[in-house]
Amino acid sequence: MKKTALLALCAIAPLAIAAQAAAADVAPADAPMATAEAPVTASEVVVQAQIAYRNRSEETAPVLQYDLDYFQRFEPLTAGDALKRVPSVAFLSDVLESDGVRLRGLDPAYTQILINGEKVPGAGSGSGAFGAGADGSFFVDRIPAELIERIEIVRSASANRSGDAVAGAINIVLRDAYALDGGFVRAGAMMFDDKRIRETVGGVWGGQVGPGRLLVGANIQGRRNPKQKLSLRYDEPNGTLDNSEVQTDVRNGTDYSVNASYQVPLAGGDLDLAGFFVRTDRFQDEDSIEYAKDIRTNANIQTINNNDVQIDQDSWSLTGKYKRDMLGGRTAVKLGYAGFKGEEAEFEDEIEYLRDAIPFPDGDRITRDKSRREIDDTEFSAKIEHERDLAMGAELEFGLQYEKKERDTLFTEVPRNRYNLPASTVPAFGAYAPIAGGDATFEQTRLDPYVMLSGKSGSLKWEAGLRYETTDVSIEDRTSGDTYDNDYKILLPSASLRYNLTASDQLYAATARTVRRPSFEYLSPATLEAELGDNDFTGVPTLKPETAWGLDVGYERRLGRSGVAGVNVFYRKVNDLLELYNTGAEGSEGDGTFVYSARNAGDGKVWGIEFDLSTPLTFVGLDNTGVFLNYSWLDSDIDDEFGSRKFNSQSDYVLNVGFIQDLPTWGASFGATYRKQGEAYSRVVGEEVTTTYGGDLEIFVEKRIGKDLTIRLTGSNLLDASKKESFNKFTTIEDQNDRNFDEYELEREQAGPVFQLIARMAF
């Protein structure tokens with residue numbers, strides 16, 4: 001941990017103890033969770049009467065539960081911001097970005113993202129309902145935090161959920177019609193390091209409408225992320241500096257969201273209708289100057305680059321669920337329809353200098369690129385599930401889940417224009433044309449039956465089940481007329497035990513077989529230029545799915561009325577690993593760049609230890625002081641062309657520590673959190689990358705006014721966190737073995753603090 005972070009926490013901690021002595025009120029008992037019979041009032045949501053702690057889940061499978069109150073005082077903008085504070089969640093994103101969840105440090109495609117217990121619409125096809133990565137992973141920074149009721153970390157799979165959860169699953173439970181009685185509005189502003197200010201405004205209302213209950217919400221969120229980057233390139237480590245590059249990277253945009261839920265009794269059962277819509281409008285502006293050596297004068301300018309990307313995304317989902325007692329048990333029928341439509345338009349100009357003896361401002365050559373990506377996803381899903389009680393406290397659950405995904409992609413570009421300068425005019429761009437494999441249709445059909453037995457006997461709870469997943473993928477490449485099919489069937493057993501040693505102590509164990517499917521991007525025959533940094537990527541339609549056997553064993557202890565501490569040990573044995581690799585072919589960016597692809601690369605193992613603590617300091621007389629700590633040690637092993645290594649880009653550890661001090665007499669609170677994740681290493685043919693992050697310190701100060709108004713000031717990234725990467729680059733496998741470098745690059749990306757002033761008022 002950085003010394004500055006320790007000093008900041010140590011400076012604030014005495015204030016917490018002094019304030020505790022001044023506070024006369026006793027912390028109230030745990031508030032009841034919202035149920036259909038007792039929705040919380042808007043005032044309870046806006047004015048938090050107590051510190052929120054991690055819930056202790058009573059599910060048989062190992063699950064960690066965090067209500068939004070656990071995160072709310074630090075004012076997370078998105079689900080990604082909230083997830084930064086839970087165990088084992090790492091990100092390999094840019095500074096101030098929290099998009100692709102790396103649960104247990106593994107690639108985002110290993111983590112299943114659920115919304116309300118259901119698969120995220122569009123995930124696995126390269127685009128989720130809120131956006132996703134090129135590997136089919138889901139970007140959680142598209143989910144506004146205001147939509148969330150709670151977040152669950154599901155460490156081991158069960159038969160009644162999709163098996164795409166090698167690392168585990170994250171279930172994001174949205175507010176429903178029974179979550180809130182009344183309404184509240186939220187408004188505020190954020191100031192960034194470049195002194196720009198962005199707005200945030202939203203509101204939620206829930207109440208009785210006709211025979212049922214309705215919840216509606218809307219949110220507008222300004223987004224901005226200004227960063228500075230510096231790259232130094234050498235001929236080898238500790239060698240001669242060849243050139244340096246200074247870059248500004250500003251991402252600016254606005255997210256709009258609307259959600260609604262209506263729940264009503266119907267014909268002896270319960271009908272639940274829900275929907276959401278999210279629009280993302282974002283502009284990324286990257287500008288850089290490359291210098292000979294590290295002498296940053298006009299006479300040493302080698303290139304000037306201007307790269308702009310406009311991102312427009314619309315996402316929506318409609319779901320309906322009807323549940324009632326019938327056929328000797330409880331039957332539920334679910335229907336869902338979701339869509340994602342996205343377009344990215346990219347433009348890049350690069351002017352080269354020093355190709356002759358005449359320096360800046362006279363350029364020697366200009367290279368112009370222009371491309372566009374259009375994605376249109378739709379998904380229809382249907383489920384029927386039935387539960388019934390058996391003898392001796394056992395329960396039988398079985399069901400059938402159907403899913404149909406369709407995706408159209410159109411990746412087009414204007415043929416690269418390169419002109420020698422000086423020239424009186426530079427010709428305008430030509431017409432867009434599809435790239436090879438870029439005009440394609442994907443269809444995926446799944447039909448997954450499952451059966452699960454569960455029960456309870458004294459202090460023991462158990463469940464065991466089987467899930468049989470069938471997948472039929474077809475791809476049509478309209479640019480060539482080729483078609484591809486990729487079909488497979490997988491049996492996924494699972495079992496969990498939970499045993500109460502005492503009223504405060506629990507032991508649990510869980511095992512499951514899980515799967516990682518190749519994403520549509522991995523299967524697509526299209527070659528995407530500069531998809532991985534300056535390197536291209538092309539897919540392989542014949543890839544097999546990856547499977548894993550896993551084991552989780554843990555212990556939890558209740559601490560007083562509200563606290564909980566736990567430790568978990570996990571292990572995964574992974575077969576037919578899906579990994580990126582370097583084909584050795586030269587990339588579109590020329591010398592030193594390559595074409596990457598995906599392959600099934602043998603077997604691997606993943607293991608680690610996870611500890612978490614969330615408790616008030618009642619045992620030392622500080623009832624109104626809450627502390628939070630989680631630490632995960634992560635490791636793995638896989639063999640590649642060069643020997644043993646960890647799974648690519650798995651962080652060594654993830655640490656979160658913090659406190660909240662409530663001041664009941666003054667109607668105020670303050671707190672701080674510190675986050676740090678360990679070094680991550682990646683190795684493929686031609687390139688080795690080591691990534692490190694600086695620590696992230698966040699604080700908040702809150703004042704509650706009456707029963708209906710809260711004003712909160714938060715500061716994040718107060719240590720000016722940086723992301724540092726070192727790139728070892730080679731031309732051949734032989735050069736990599738002999739450490740004969742083509743280039744050694746050091747890159748540093750840094751961003752400044754962000755301050756938010758937010759007010760919430762209940763009505």
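The structure displayed is predicted, hence computed values, not measured ones. Keep in mind that the numbers below use all heavy atoms, side chains included, and drop hydrogens, waters and symmetry copies.
Ring geometry for Phe670 against Phe659 counts as perpendicular: the plane angle is over 60°, on a 0 to 90° scale with 30° as the lower cut.
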request  = Could you go through the side chain to side chain donor-acceptor pair (under 3.5 Å) check for Asp720 and Gln750 one step at a time?
outcome  = CA-CA 7 Å; Asp720 295 345; Gln750 190 164 15; 4.8 Å; no
key: Worked check of salt bridge (charged side-chain N to carboxylate O under 4.0 Å, His left out) between Glu679 and Lys646   = CA-CA 12 Å; Glu679 181 178 283; Lys646 295 177 66 171; over 6 Å; no
task = For salt bridge (charged side-chain N to carboxylate O under 4.0 Å, His left out), just list the numbers for Arg54 and Asp612, CA-CA rounded to whole Å, side-chain angles, deciding distance to a tenth of an Å, and then say yes or no.
result = CA-CA 9 Å; Arg54 195 257 282 184; Asp612 76 283; 2.7 Å; yes
ask   = Given Asn55 and Asp67, is the side chain to side chain donor-acceptor pair (under 3.5 Å) satisfied, shown in steps?
value = CA-CA 7 Å; Asn55 299 336; Asp67 289 343; 3.1 Å; yes
request  = Under the salt bridge (charged side-chain N to carboxylate O under 4.0 Å, His left out) rule, what do Asp552 and Arg572 come out as? Steps first, then yes or no, please.
outcome  = CA-CA 9 Å; Asp552 284 80; Arg572 299 289 186 270; 3.0 Å; yes
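Within the structure, side-chain hydrogen bond (donor to acceptor under 3.5 Å, both in side chains) contacts touching residues 187-197 (residues at least two apart or in different chains) are Asp194-Arg224. For residues 88-118, the set of pairs meeting the ring-ring contact (aromatic ring centres under 6.0 Å, His included) definition, not counting sequence neighbours, is empty.
Ionic pairing of Glu725 and Lys229 is not present here: no N-O contact between side-chain nitrogen and carboxylate oxygen is shorter than 4.0 angstrom. Salt-bridge formation is not detected for the pair Glu702/Arg760: no Lys NZ or Arg NE/NH1/NH2 atom is positioned less than 4.0 Å from an Asp or Glu carboxylate oxygen.
Under the 3.5 Å distance criterion, the side-chain polar atoms of Ser651 are left unmatched by any main-chain donor or acceptor of Tyr653. With hydrogens and angles ignored, the 3.5 Å screen pairs no side-chain donor or acceptor of Arg704 with any backbone N or O of Val46. Looking at Gln263, its side chain does come within 3.5 Å of a backbone N or O of Ala177 through a donor-acceptor pair. A donor-acceptor contact shorter than 3.5 Å is absent between the side chain of Ser317 and the backbone of Gly275.
In summary, the side chains of Asn656 and Tyr631 do not present any donor paired with an acceptor at a separation below 3.5 Å, with no hydrogens or angles considered. Between the side chains of Arg498 and Gln506, at least one donor-acceptor pair of N or O atoms lies under 3.5 Å.
Residues satisfying the side chain to side chain contact (heavy atoms under 4.5 Å, CB included) criterion with Ala42, sequence neighbours excluded, are Leu180, Ala762. Remark: Val185 pairs with Met761, Phe763 by the side chain to side chain contact (heavy atoms under 4.5 Å, CB included) rule, at least two apart or across chains. Among residues two or more places apart in sequence or in another chain, the side chain to side chain contact (heavy atoms under 4.5 Å, CB included) test is passed with Ala565 by Leu559, Leu613. Partners of Ser632 under the side chain to side chain contact (heavy atoms under 4.5 Å, CB included) rule, at least two apart in sequence or in another chain, are Pro87, Ser88, Glu610, Leu634.
Other residues, nucleotides and ligands contribute at most 12 non-hydrogen atoms within 6.0 Å of the NZ atom of Lys724.
Looking at every heavy atom in both residues, Ala179 comes nearest to Val40 through O-CG2, 3.0 Å. Contact detail for Tyr53 and Thr615: the closest heavy-atom pair is CE2-C, 3.3 Å. Across every non-hydrogen atom of Leu114 and Gln112, the tightest pair is CD2-OE1, 3.2 Å.
Checked against a 6.0 Å centroid threshold, the rings of Phe74 and Phe700 count as neighbours.
Residues Ile170 and Glu152 fail the side-chain proximity criterion, which asks for heavy atoms closer than 4.5 Å. Leu655 places a side-chain heavy atom less than 4.5 Å from the side chain of Leu629. Using a 4.5 Å heavy-atom cutoff, the side chains of Asn252 and Arg198 are in contact.
Note: Asn225 CG to Asp94 CG = 7.0 Å, rounded to the nearest 0.5 Å.
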